[in-house]
Q: 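Can you keep this structure in mind? I'll have questions shortly.
Every number for a ligand or one of its atoms is a count from 1 in the order of the listing. The first residue of the sequence shown is numbered 1, and numbering continues consecutively from there.
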Amino acid sequence: MDAATTTTPAVLILLGPPGAGKGTQARKLEQEFGLVQLSTGDMLRAAVAAGTEAGKQAKSVMEAGQLVSDEIVIAILRERMDGPDCRRGVILDGFPRTTVQAEALDAMLAESGQSVSAAISLEVEDEAMIERISGRFTCATCGEGYHDSFKPTRVPGVCDKCGGTEMIRRADDNAETVASRLAAYHEQTEPLIRYYGDRGLLKSVDAMQGIEAVTRDLDAIVRDLAR
Ligand SMILES: Nc1ncnc2c1ncn2[C@@H]1O[C@H](COP(=O)(O)OP(=O)(O)O)[C@@H](O)[C@H]1O
């Protein structure tokens with residue numbers, strides 16, 4: 001399917017708690033449908049690494065597992081959405097995370113005559129999240145995710161993509177921070193399920209399934225939307 005055709009949904013939102021697989025699935029949708037993945041988490045980590053003003057403010061908030069201010073995140077997303085590549089259509093991964101952000105997104109899109117195509121909720125249980133995140137590592141050599149707990153047959157500490165042996169862990173992927181991130185999700189982000197449900201835009205996927213099964217369900221939803 002060609003994402004440049006008008007039949008492809010232009011703005012997809014992936015909703016779900018930390019560790020639900022939003023990033024993994026967004027990258028697959030990006031390849032499959034030619035959409036652009038926009039991860040506010042990645043943008044914020046880049047801002048922290050670059051030491052920008054927004055990054056300086058975000059750093060300690062992220063390390064505590066809390067949400068960065070709506071003002072900062074909305075500004076970062078708005079700037080990125082202006083990129084010409086975003087005209088192909090976008091998958092928002094990690095945004096919106098509050099009702100204020102959802103309203104800002106609606107207003108931002110309305111300025112260019114666009115609207116949200118669908119919000120897809122990746123549904124998972126809290127216990128599974130904690131387990132997944134504590135087994136989440138990234139290969140330092142190729143940058144691919146290395147999720148121990150997803151694939152118990154893997155050789156521990158060896159990347160199955162490139163054989164690299166140096167694994168890095170995100171600063172906020174530790175037990176205390178994960179608990180705060182889950183709490184922030186339930187309090188501030190979960191209300192968005194109702195927000196998009198009320199607007200007839202909500203779709204749900206059982207994200208307790210394996211990665212391939214979740215991808216299959218997401219593909220079916222996106223193809224259906226494009227019809
Ligand atoms: N839309 C957002 N609003 C506020 N904070 C955000 C947003 N997106 C990302 N963040 C910050 O970045 C952190 C990491 O986000 P992300 O990479 O999406 O990971 P995860 O979904 O695993 O929590 C969050 O815990 C939060 O501090």
Q: For a quick check: using heavy atoms under 4.0 Å, what are the residues in contact with ligand 1, sorted by chain and number?
A: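 Correct list: P18, G19, K22, T40, G41, L44, R45, M62, Q66, L67, V68, V73, G94, F95, R97, Q101, R136, R170, D172, R181.
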Q: Between D85 and R80 (salt bridge meaning N to carboxylate O under 4.0 Å), is one present in this structure?
A: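 Yes.
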Q: Should D219 and R216 count as an ion pair when the cut-off is N to O under 4.0 Å?
A: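 Result for this pair is no, no salt bridge flagged.
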Q: Pairs in or reaching into residues 173-190: which pass salt bridge (Lys or Arg N to Asp or Glu O under 4.0 Å), with residues at least two apart or in two chains?
A: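 Passing the test, one end in residues 173-190: R136-D173, D172-R181, D173-R181.
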Q: Would you indicate whether Q209, at its atom CD, is surrounded by more than 12 heavy atoms from other residues, nucleotides or ligands within a distance under 6.0 Å?
A: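 Counting neighbours around CD of Q209, more than 12 heavy atoms of other residues, nucleotides or ligands fall under 6.0 Å, so yes.
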Q: Can a salt bridge be assigned to the pair K59 and E63 using a cut-off of 4.0 Å between side-chain N and carboxylate O?
A: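 A salt bridge is present here (some side-chain N lies under 4.0 Å from a carboxylate O).
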Q: What I want to find out is whether R194 reaches D198 closely enough, with some N-O distance under 4.0 Å, to be called a salt bridge.
A: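 Looking at D198 together with R194, the answer is yes, because their closest N to O distance falls below 4.0 Å.
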